[in-house]
There are 2 protein chains.
Amino acid sequence: MTKNYSSEIASPLSSNHEDYLKAIYILEARGEQVTNSVLSEYIGFTPASATNMVKKLSQMDLVIYRPHQAVSLTPTGRRVALEILRHHRLLELFLHKTLDIPWDSVHEEAERLEHVISEALEDAIAASLGYPKVDPHGDPIPTKTGEIGPTPGHPLSQAKAGRAYKLVRVLSQEKERLAYLGRLGLNLYVELFLREHAPFDGPVLVEVAGVEHALAAEMAALLQVVPASA
Amino acid sequence: MTKNYSSEIASPLSSNHEDYLKAIYILEARGEQVTNSVLSEYIGFTPASATNMVKKLSQMDLVIYRPHQAVSLTPTGRRVALEILRHHRLLELFLHKTLDIPWDSVHEEAERLEHVISEALEDAIAASLGYPKVDPHGDPIPTKTGEIGPTPGHPLSQAKAGRAYKLVRVLSQEKERLAYLGRLGLNLYVELFLREHAPFDGPVLVEVAGVEHALAAEMAALLQVVPASA
DNA sequence: GTTACAATTTAGCCATGACTAAAAACTACT
DNA sequence: AGTAGTTTTTAGTCATGGCTAAATTGTAAC
Ligand SMILES: [Mn+2]
Ligand SMILES: [Mn+2]
Ligand SMILES: [Mn+2]
Ligand SMILES: [Mn+2]
């Protein structure tokens with residue numbers, strides 16, 4: 001299990017160390033201030049535990065920690081986070097495409113696998129998938145060297161009514177939510193027609209494969225779309 | 001990660017718990033007395049650590065422990081061991097067949113993955129492989145219900161000279177050894193001709209794909225063969 | 001500037017599971 | 001049976017990383 005980053009890191013990182021770094025990366029990428037409470041809520045441990053872990057990561061030079069300030073990743077910490085995120089998203093796609101695991105289940109599974117695959121296995125998976133760029137939810141897959149592309153699309157909630165769109169990304173990993181979307185036929189790359197936005201932040205009416213559905217405004221905000229081309 | 005055995009077990013088992021149970025199973029299956037020193041040497045921890053862990057497993061009703069006696073598995077302990085062994089061998093075969101990971105590398109990788117795959121993933125892997133019976137080293141794969149078939153073949157070291165055989169199992173997971181065998185063309189199911197046994201427990205001369213090789217007696221003892229049929 | 005409230009940190013506890021060193025218990029040989 | 005040697009167990013240490021509860025710090029309203 002020799003990791004890419006192993007040369008730069010003194011002690012080996014546990015699964016939880018890696019999940020903390022990944023969480024910080026994702027929260028930063030959302031543009032949020034990564035406060036202790038935001039972080040601890042996201043990872044599901046108590047604030048005291050988060051403080052404790054962040055201090056340790058800081059000693060390892062993986063994060064910048066100043067008391068009462070938002071944490072941020074050091075360049076090395078970012079490298080580790082992107083490495084794990086690459087594992088995660090490659091695994092999601094691999095499980096989905098190679099083993100037909102439904103898109104609402106791959107996240108959970110990848111959450112554990114991401115910590116135990118070797119670099120050789122990561123490479124073999126990437127090669128077998130043809131070096132893919134996005135995972136089953138449309139999230140971009142970081143490259144081996146830690147680059148990550150721009151995120152495609154814009155929220156359906158801000159799209160213009162009376163036009164056709166293609167779903168390119170879903171900003172959620174919730175199993176139930178994804179299962180529901182799947183039942184509506186709202187899978188990745190499906191084409192949909194946006195009928196109207198009900199006023200006062202009301203539901204969004206969309207047509208998918210000839211059937212009309214009403215989506216809550218918050219749901220529509222999670223669906224990233226681009227104008228349909230064909 | 002709901003395991004098959006989860007209903008019968010109080011506390012969740014760590015990777016190391018599972019590796020201990022698997023080790024006890026394998027040592028028992030070899031017909032060895034699983035003494036504390038045998039066990040601790042096999043798993044690579046100190047004897048004191050092994051005693052400690054065996055006591056805990058005993059409290060969980062997974063092993064029978066009497067001081068100064070060989071340990072043995074309870075029915076539940078055996079179930080857990082076989083479940084993990086199934087994961088391990090299915091993963092080895094999957095990595096080898098689906099991702100072309102060489103047979104000398106799959107063991108290491110499976111050693112970690114075996115602890116984190118869900119039952120759903122186990123099932124998906126088994127299905128995608130067509131419910132296979134043996135792994136890339138010829139080791140039998142336990143069934144979902146915990147049955148395990150008889151082990152095929154007999155040692156090449158005890159085979160008669162002047163006859164053709166088929167390699168059906170290699171009793172080793174050592175990377176270097178497997179890589180060496182691979183270089184000689186001694187892969188699973190390959191046909192070979194046994195020329196002679198040198199006397200005084202000397203080397204064994206075999207012909208593989210028209211090339212003759214001399215194998216140490218201990219090496220030949222690890223190669224399980226059956227008479228060539230075709 | 002006080003004061004109230006929320007966020008964060010500190011202090012201290014606990015379980016886990018490795019380790020070393022010492023004690024105890026078995027085994028085997030005389 | 002006694003003793004030497006080996007194996008196993010016990011006792012005690014340490015690091016890890018969660019937790020709760022209490023103390024502290026920062027913020028915003030008065
Ligand atoms: Mn994870
Ligand atoms: Mn994803
Ligand atoms: Mn293992
Ligand atoms: Mn094997």
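Labels below follow one simple rule: chain letters A, B, ... track the order of the sequence lines, proteins then strands, and each chain is numbered from 1.
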(message) Measuring from the side chain of B/H68 (C-beta onward, heavy atoms only), which nucleotide among D/dT9, C/dA11, C/dA18 has the closest atom?
(response) D/dT9
(message) Is the phosphate of C/dT9 approached by A/Y65 (side-chain N or O, under 4.0 Å from OP1 or OP2)?
(response) yes
(request) Can you tell me the distance, in whole Å, between the CG atom of A/L13 and the P atom of D/dT16? (result) 12 Å
(message) Taking any heavy-atom pair under 4.0 Å as a contact, classify B/K56: base, sugar-phosphate, or nothing.
(response) base
(message) Both A/S49 and A/P67 contact DNA chain D. Taking the nearest nucleotide for each, which residue is further toward the 5' end?
(response) A/S49
(request) Taking the six-membered ring for Trp and the full ring for Phe, Tyr or His, determine whether the centres of A/H115 and A/H87 are under 6.0 Å apart. (result) no
(message) How many whole angstroms separate atom CD of A/Q59 from atom P of D/dA15?
(response) 13 Å
(message) In this structure, how many angstroms lie between the P atom of D/dT7 and the CD atom of B/E41, rounded?
(response) 10 Å
(request) Could you tell me whether A/R78 and A/E83 have a side-chain N and a carboxylate O separated by less than 4.0 Å? (result) no
(message) If the cut-off is 4.0 Å, is A/N52 near the phosphate of C/dT9, judged by side-chain N/O to OP1 or OP2?
(response) no
(message) So, OP1 or OP2 of D/dG17: does either fall under 4.0 Å of a side-chain N or O from A/K55?
(response) no
(request) Using a strict 4.0 Å threshold on nitrogen-to-oxygen distance, state whether A/R89 and A/E114 make a salt bridge. (result) no
(message) Do the side chains of B/E147 and B/R86 get close enough for a salt bridge, i.e. N-O under 4.0 angstrom?
(response) no
(request) Taking only Lys NZ, Arg NE, NH1 and NH2, and the carboxylate oxygens of Asp or Glu, determine whether A/K144 and A/E122 approach each other closer than 4.0 Å. (result) yes
(request) Output yes when at least one side-chain N/O atom of B/T35 is less than 4.0 Å from OP1 or OP2 of D/dT8, else no. (result) yes
(message) I want to confirm an ordering. Mapping B/S37 and A/T46 to their closest nucleotides on DNA chain D, which one lands closer to the 5' end?
(response) B/S37
(request) Look at the side-chain N and O atoms of A/T51 and state whether any lies under 4.0 Å from the OP1 or OP2 oxygen of C/dT10. (result) no
(message) Taking any heavy-atom pair under 4.0 Å as a contact, classify A/A48: base, sugar-phosphate, or nothing.
(response) base
(request) Let me know the distance between CZ of A/R66 and P of C/dT9, rounded to the nearest Å. (result) 12 Å
(message) Please report the distance, rounded to the nearest Å, between OH in A/Y20 and P in D/dT16.
(response) 15 Å
(message) Could you tell me how far apart B/Q33 (CD) and C/dT27 (P) are, to the nearest whole angstrom?
(response) 11 Å
(message) Between P on C/dG17 and CE on B/M53, what's the gap in Å once rounded to a whole number?
(response) 5 Å
(message) Heavy atoms from C-beta onward define the side chain here; which of D/dT9, C/dC19, C/dT9 lies closest to that of B/F45?
(response) C/dC19
(request) May I ask you to evaluate whether B/S14 reaches the phosphate of C/dG17, defined as a side-chain N or O under 4.0 Å from OP1 or OP2? (result) yes
(request) May I ask you to verify if any side-chain N or O of B/N36 is less than 4.0 angstrom from the OP1 or OP2 atom of D/dT9? (result) yes
(request) Rounded to the nearest angstrom, tell me the gap between atom NE2 in A/H17 and atom P in D/dG17. (result) 4 Å
(message) Given 3.5 Å as the limit, does a donor-acceptor pair link the side chain of B/H17 with the main chain of B/S14, or not?
(response) yes
